[in-house]
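Note that the structure is a prediction, hence the values are computed from the model and not measured. Read the numbers this way: they start at 1 and go in the same order the structure lists the ligands and their atoms.
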Amino acid sequence: MIPEGETVRFLCECADAECLASVEVKPHQWKAVAAQADHFLIVPGHMRSEGEDVVGSLGRYEIVRKPDRRD
Ligand SMILES: [Zn+2]
């Protein structure tokens with residue numbers, strides 16, 4: 001268990017497959033983002049795929065939503 005209040009590093013999930021940056025947030029914050037379908041965290045200013053929108057922010061990071069993929 002990670003004590004509440006501690007931050008954890010997650011990889012930046014921007015569109016650059018070789019991006020090695022990380023975001024550092026509290027576990028419950030990350031879970032709140034991950035709980036929403038197609039939402040993820042990136043470092044501000046990082047590459048976004050076409051159709052991806054910034055829908056909010058978390059600390060100094062951006063919350064991005066991937067476009068719906070309904071074929
Ligand atoms: Zn990135």
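In this structure, L11 shares a hydrophobic cluster with no other residue, the cluster being traced through Ile, Leu, Val, Met, Phe, Trp and Tyr side chains under 4.5 angstrom apart.
A continuous path of Ile, Leu, Val, Met, Phe, Trp and Tyr side chains, each step under 4.5 Å between heavy atoms, connects L58 with W30, placing both in one hydrophobic cluster.
For residues 19-28, every residue pair satisfying the side-chain hydrogen bond (donor to acceptor under 3.5 Å, both in side chains) rule, not counting sequence neighbours, is listed here: E4-H28, T7-E24, R9-S22, R9-E24. The stretch residues 33-64 participates, sequence neighbours left out, in no ring pair (Phe, Tyr, Trp, His ring centres under 6.0 Å) pair at all.
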Report task. Would you sort out whether V64 and E13 count as a side chain to side chain contact (heavy atoms under 4.5 Å, CB included), showing the intermediate values? Result -> CA-CA 9 Å; V64 171; E13 297 185 71; over 6 Å; no

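Neighbouring protein atoms of the Zn ion (ligand 1) (N, O or S, distance under 2.8 Å, waters ignored): C12 SG, C14 SG, C19 SG, H46 ND1.
C12 SG to L41 CG: the interatomic distance, rounded to the nearest 0.5 Å, is 9.0 Å.
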